[in-house]
Every structure is written in C-alpha cells, then in structure tokens.
A.B. asks: 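Just passing along the structure, written as structure tokens.
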Amino acid sequence: MPELPEIETIARTLAPEVESRLIQAVDVFDASAVEPGVDAFRELVLGRRIARVARRGKLLLLHLQAAGGKDGGTVAVHLRMTGRVLAISTGQEPKRPRVVLTLSAYSSDEGPVRLVFSDVRRFGRMHAFAPGDINHWHFYQNLGPEPLTMTVQDFRACLAPGGRPSRARIKALLLDQGVIAGIGNIYADEALFRAGIRPDAVAATLGPGCRAVLFAAIQAVLIQAIAENGSSIRDYRDAQGNAGAFQNFFQAYGRGGQGCLTCGTIMQSLRVAGRTSTFCPRCQTP
DNA sequence: ACGGATTCCTGATGGC
DNA sequence: TGCCATCAGGAATCCG
C-alpha cells in the first residue's frame, strides 16, 4: 500500500536525515530482506555515502557515493505492503528491524543516525546495485512513465501499448507498473471514482475525452495525497514515524457498502486484476 | 502473446 | 473467551 505519494513522502522526510552521511555499519537481521544476498549487499553498501534520496514509481532510491566522490551505486527499496523506512537517532530502539544501516554523525556533538527497514509481512526488499547495474534490473528498466511528469499525450499512449488499444480493463492497466509507475490499489480506485469511470471498463472503449479526464484525476489525486503526506490505513509511516492524512479524504477505497459521497447510492465492490475494487454504480460508467 | 489466477507473508477481524 | 477462516495486496510466476 505504500504507493507513489507515500514513497514520495518517505523520500522527502528521509532526505534531510540521511543525505551526506556515511554508512558505517550494515546489520541484516532477515536475510530475505536484501538482494543479492547478505554478503554482496554488505559489500556494495558498507563505507559508501548516501549522496541523494530519490523516488521512482514505488521505489525509494538511495544513490550512493564511493571514496573520492565517485558513483557508489544505488540501493532500491521496495516496501510492498507493510514495509517501513525510518530514520532514528541514538536512544530510540527500532522495533522488529530487518535491516539497519548505521550512519555517521554530521558533527561531534550529535550521535549517529540509523536507517531502519522493517516489514511485518516480509514482502519488501532492499536491492543493492553496483554503479550502473540498476539499469539492468528488469523491474526498473521496464517501469512506465511517472504520472506527475508525463503529458496527456503520453498517457493516451500508455493505454494503447504498441499502438494497439488494450482490451484489458482500465484498472489492470493503471496497476501495471510497466504501463504507468507508482499507482496501486488505493489511488487507482480514487482516480477512477473522480473520473467517473468503472474499474472494469475496457481500456480500448474509453474515448480521448475520457482518457484526458482520467489523467487529470490521477494527477489531482496524487498531488493532493502528497500534500496530505500519504494515506495511513494501518502500517504506513513516513521516515520520522508520522502517519499520513489522505485516508480521511477517501471517496472510493474501502467504502464498499457505504453511500456514495456524491449521490448516496450504495458503493459496490468487485474484484478486478485480483484486487478489491470499489466504485459507485451510478457515478461511474463503463 | 496476452491477460488472468496463484503465490508469497503475517496480523487484524468477525463469526460461532 | 477462544479458535479458525478470511482478508489485505505488489509483483513474480504459472496457466489457459
């Protein structure tokens, strides 16, 4: 459930805590949390500096610097459903950590900071890459465009991969990271509600006007969610441990059986692309 | 070839 | 009160 707005919020709250710090220790408490294996991960990360924190789709990226200011590769963190990345200072104890990176102090009157990756359901991963190697990672290389920087023309093209309009259902395309990067179940449902399009509408049947409306809805919902620091259903927290507030603005996600906020009709739920999808049968059309 | 279904995980939840 | 089935879902993998 950490999707684009949540990862963006984590990146923004993590950056001032960890950027320019040196990784002085690497502790892996759960071997399945790191790629490509515990020893290789430590080798790729230990002694590097965190030069810059960034985001691509739902990936949190730590760009590293090696001695002499040379490119030190990249760590890509995928939180999947319940992953968290927290920056904690000395004295605080991380709960159920899978990986802990101990970072240098900025000055002598300040203690070290730890970057903690935890994840109760253990679906998330930290992938370490040597310089340039992330570009050979299949998942990364096939990521679709960023919804907040693409144009409406790009978006129309997304829905017609290879020039042929897709016969897939629109929600399946929105959730496909190779089509457009960063959207998950929450923001797909919210954007489709705002655009008045049913999640099971066949993409090829949506006209140009309809696609433009959907694109505007996607951007609007992502921008508002970032402004609210993401959505905290249960697990999501930013790098300082704070919850987001966008869950208070949900109009579709998780509202099955409740009245539509626009027309009062009972919201229905449907399984599309293996996900629970909630929509208003009156406001949203095929 | 393409799209849908299954699998991996654990904690919260609801019914009996 | 306690137990058990069910549900949550991102993406790799399997299947039709």
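Please read all numbers here as calculations on a predicted model, not as lab measurements. Below, chain A is the first sequence line, B the second, and so on; all start at residue 1.
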A.B. asks: Counting only heavy atoms and a strict 4.0 angstrom limit, can you tell me which residues of residues 138-145 of chain A come near DNA chain C?
C.D. replies: A:Phe139

A.B. asks: Using a heavy-atom cut-off of under 4.0 Å over every strand shown, decide if A:Thr276 touches base, sugar-phosphate, or nothing.
C.D. replies: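 Sugar-phosphate contact only - A:Thr276 comes under 4.0 Å of backbone atoms but never of a base.
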
A.B. asks: According to the ring-ring contact (aromatic ring centres under 6.0 Å, His included) rule, which pairs have a member within residues 49-91 of chain A, sequence neighbours left out?
C.D. replies: A:His78-A:Phe139

A.B. asks: Can you check nucleotides 3-5 of chain B for protein contacts, nitrogen or oxygen pairs under 3.5 Å, and list what you find?
C.D. replies:
from	atom 1	to	atom 2	distance (Å)
B:dG3	OP1	A:Ser166	OG	3.4

A.B. asks: List in chain and number order the residues that pass salt bridge (Lys or Arg N to Asp or Glu O under 4.0 Å) with A:Asp176, two or more places apart in sequence or in another chain; answer none if no residue qualifies.
C.D. replies: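 Listed in chain order: nothing, the list is empty.
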
A.B. asks: Between C1' on B:dC8 and CZ on A:Arg98, what's the gap in Å once rounded to a whole number?
C.D. replies: 12 Å

A.B. asks: Return the value, rounded to whole Å, for the distance between atom CZ of A:Arg96 and atom C1' of B:dT10.
C.D. replies: 8 Å

A.B. asks: One pair to check against side chain to side chain contact (heavy atoms under 4.5 Å, CB included): A:Thr265 and A:Cys283. What are the steps and the verdict?
C.D. replies: CA-CA 9 Å; A:Thr265 302; A:Cys283 297; over 6 Å; no

A.B. asks: Looking at residues at least two apart in the chain, or sitting in another chain, which of them share a side chain to side chain donor-acceptor pair (under 3.5 Å) with A:Arg56?
C.D. replies: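 Counting only residues at least two positions away or on another chain, A:Arg56 forms a side chain to side chain donor-acceptor pair (under 3.5 Å) with A:Glu146.
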
A.B. asks: Restricting to pairs with a member in residues 9-32 of chain A, which pass side-chain hydrogen bond (donor to acceptor under 3.5 Å, both in side chains), not counting sequence neighbours?
C.D. replies: A:Glu8-A:Arg12, A:Arg21-A:Glu110, A:Asp30-A:Ser32, A:Asp30-A:Arg98, A:Asp30-A:Arg122, A:Ser32-A:Arg98

A.B. asks: For the pair A:Ile134 and A:Leu61, evaluate side chain to side chain contact (heavy atoms under 4.5 Å, CB included) and give the outcome as yes or no after the intermediate values.
C.D. replies: CA-CA 10 Å; A:Ile134 192 170; A:Leu61 302 175; 4.1 Å; yes

A.B. asks: Quick one: salt bridge (Lys or Arg N to Asp or Glu O under 4.0 Å) partners of A:Lys58, sequence neighbours excluded?
C.D. replies: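 Salt bridge (Lys or Arg N to Asp or Glu O under 4.0 Å) list for A:Lys58, sorted by chain: empty.
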
A.B. asks: If you look at every heavy atom in A:Ala128 and A:Phe41, which pair is closest and at what distance?
C.D. replies: CB-CD1, 3.5 Å

A.B. asks: What class does the angle between the rings of A:Tyr140 and A:Trp137 fall in, given that below 30° is parallel, 30 to 60° is tilted and above 60° is perpendicular?
C.D. replies: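 Parallel, since the angle between the ring planes stays under 30°.
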
A.B. asks: Rounding to 10°, can you tell me the angle the first-five-pair axis of the helix from B:dC2-C:dG16 to B:dC16-C:dG2 makes with its last-five-pair axis?
C.D. replies: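 Comparing the first five pairs with the last five, the axes sit 60° apart.
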
A.B. asks: With a non-hydrogen cut-off below 4.0 angstrom, is A:Arg271 in contact with a base, only sugar-phosphate, or nothing?
C.D. replies: sugar-phosphate

A.B. asks: Partners of A:Arg169 by salt bridge (Lys or Arg N to Asp or Glu O under 4.0 Å), sequence neighbours excluded?
C.D. replies: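 Counting only residues at least two positions away or on another chain, A:Arg169 forms no salt bridge (Lys or Arg N to Asp or Glu O under 4.0 Å).
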
A.B. asks: At a heavy-atom distance below 4.0 Å, which nucleotide of DNA chain C is the first touched by chain A, and which is the last?
C.D. replies: C:dA8 to C:dA12

A.B. asks: If you compare all heavy atoms of A:Arg80 against all heavy atoms of A:Pro2, which two are closest, and at what distance to 0.1 Å?
C.D. replies: O-CD, 2.9 Å

A.B. asks: Quick one: does A:Asn242's side chain have a donor or acceptor within less than 3.5 Å of a partner on A:Asp238's backbone?
C.D. replies: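 Not a single qualifying donor-acceptor pair exists.
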
A.B. asks: What's the shortest heavy-atom distance between A:Leu60 and A:Val53, and which atoms?
C.D. replies: CD1-CG1, 3.9 Å

A.B. asks: Which residues, if any, of residues 116-124 of chain A bring a heavy atom under 4.0 Å of DNA chain B?
C.D. replies: A:Val120, A:Arg121, A:Arg122, A:Phe123

A.B. asks: Once side-chain hydrogen bond (donor to acceptor under 3.5 Å, both in side chains) is applied, what residue pairs with a partner in residues 177-192 of chain A remain, sequence neighbours excluded?
C.D. replies: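 Counting only pairs at least two positions apart or across chains, the side-chain hydrogen bond (donor to acceptor under 3.5 Å, both in side chains) contacts touching residues 177-192 of chain A are A:Glu6-A:Tyr187, A:Lys171-A:Asn185, A:Lys171-A:Asp189, A:Tyr187-A:Ser231.
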
A.B. asks: Please check this pair: side chain of A:Ser166 against backbone of A:Leu159, looking for a donor-acceptor N/O pair closer than 3.5 Å.
C.D. replies: no

